[in-house]
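Bear in mind that the values here come from a model prediction, so they are computed numbers and not experimental data. A note on names: the letters A, B, ... follow the listed sequences, proteins ahead of strands, and every chain is numbered from 1.
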Amino acid sequence: MIRKVVEEVFGQYPLVICINDGSTDNSSEEISKTPAILLEHAINLGQGAALQTGIDYALELQDVLYFVTFDADGQHSIKDIKTLITTLKESQVDVVLGSRFLGNTINMPPMKKVLLKAAILFTNFFSGVKLTDTHNGLRAFTRKFAKQLNITMPRMSHASEIIDKIGRGKWRYKEVPVTISYSEYSRAKGQSILNSVNITFDMLLSRILKR
Amino acid sequence: MIIQYVLILGLIAVLFKFLLTSTGSTAGAWKRIIGLLFIIAAVLAIIFPDELNNIAHSVGVGRGADLLTYLVALAVIGLYLSIHIKREQDQKNITTLTRRLAILESKHDKYHNDRQITDKN
């Protein structure tokens, strides 16, 4: 499945970087059959760290100007990448964020929606931004934004961390509608209620310790 | 009382283990000093149990044992925090290493017989 996703993206965009964050299935082997750059974490560090590794690699390539983060589990639609990049280039903003509530969701579990809405209220309040979807993995940003982005929060707390940085750094942002579809696979992998506890804890702790 | 001998011997054993296994430079030295002071204080408290009571009274605590309990509680909290911070530093280091390794390894394509990649754009 991942090979299909990667090949489809490659059909339209010149550089694809895949990060395998400690998975022991055959993902790496599948990706190696595509022209994508494969980065493998020897141990599992979490999605935030995986994104940062990809960003660091891309920043080393001097001619990369626009960055797009995209989940490879089938939740994201490749068509939306175009929306993101076009908006980024034309709207004079530093970062474009996908919003499923401006766009579409397919087969979203009801509990997930409840949790997400709560998380959005929470994140908006603490970071000072006004977003309709604060936990969307589809993002596009400029090289300038990428350079200062230093994702350090563990596990899945990076989404809140990025939003927080946007708020504090007063970066210009814009939301665009995107489609998020939940297959059985991605539903099984989804965030649990308990994980929300982790994320909240991480965010509060980082505020207290002012990191 | 027998308990006094037992406790003192136990503390001396802890002292030796502590002094022999601590590592690191500045922080380590301070830890050793504090550890040593702690053990001396503990030995004194065992030899002069009434002293602990007197100190407790002078700070408004009913019994020496109560004072000890409060101090130990504080020490445990402090210890937990210091362990947590150290773990976070370790995790940061692990992340840096894993990242460097990932980027370094990408320059060698191990899925195609270690052929070196020169231009993957």
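Both the backbone and the side chain of A:Ile43 have a heavy atom closer than 4.5 Å to some heavy atom of chain B. Only the side chain of A:Glu60 comes within contact range of chain B, with at least one heavy atom under 4.5 Å from a heavy atom of that chain.
Atom-to-atom distance recorded for A:Ile151:CD1 and B:Thr95:OG1 is 11.5 Å, nearest 0.5 angstrom. Here CZ of B:Arg100 is found 11.0 Å from CG of A:Asp56. Values are rounded to the nearest 0.5 Å. The CD1 atom of B:Ile103 sits 8.0 Å away from the NE2 atom of A:His41 when rounded to the nearest 0.5 Å. Note that OG1 of B:Thr98 is 10.0 Å distant from CG of A:Asn44, once rounded to the nearest 0.5 Å. Expressed to the nearest 0.5 Å, how far CD of B:Gln91 lies from OG1 of A:Thr152 amounts to 11.0 Å. A:Leu38 contributes atom CG, which lies 8.0 Å from atom OG of B:Ser106 (distance to the nearest 0.5 angstrom).
Side-chain contact between A:Leu39 and B:Glu105 is absent, with no heavy atoms from C-beta onward closer than 4.5 Å.
Between A:Ala42 and B:Leu101, the closest heavy-atom pair is CB-CD2, 4.0 Å.
The number of heavy atoms from other shown groups lying within 6.0 Å of CZ (A:Phe122) is above 12. No more than 12 heavy-atom neighbours from other residues, nucleotides or ligands sit within 6.0 angstrom of NZ on A:Lys174.
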Donor-acceptor contacts under 3.5 Å from residues 6-17 of chain A side chains, at least two apart:
from: A:Glu7; atom 1: OE2; to: A:Arg3; atom 2: NE; distance (Å): 3.2
from: A:Tyr13; atom 1: OH; to: A:Lys82; atom 2: N; distance (Å): 3.3

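B:Lys86 is linked by a salt bridge (charged side-chain N to carboxylate O under 4.0 Å, His left out) to B:Asp90, counting only residues two or more places apart in sequence or in another chain.
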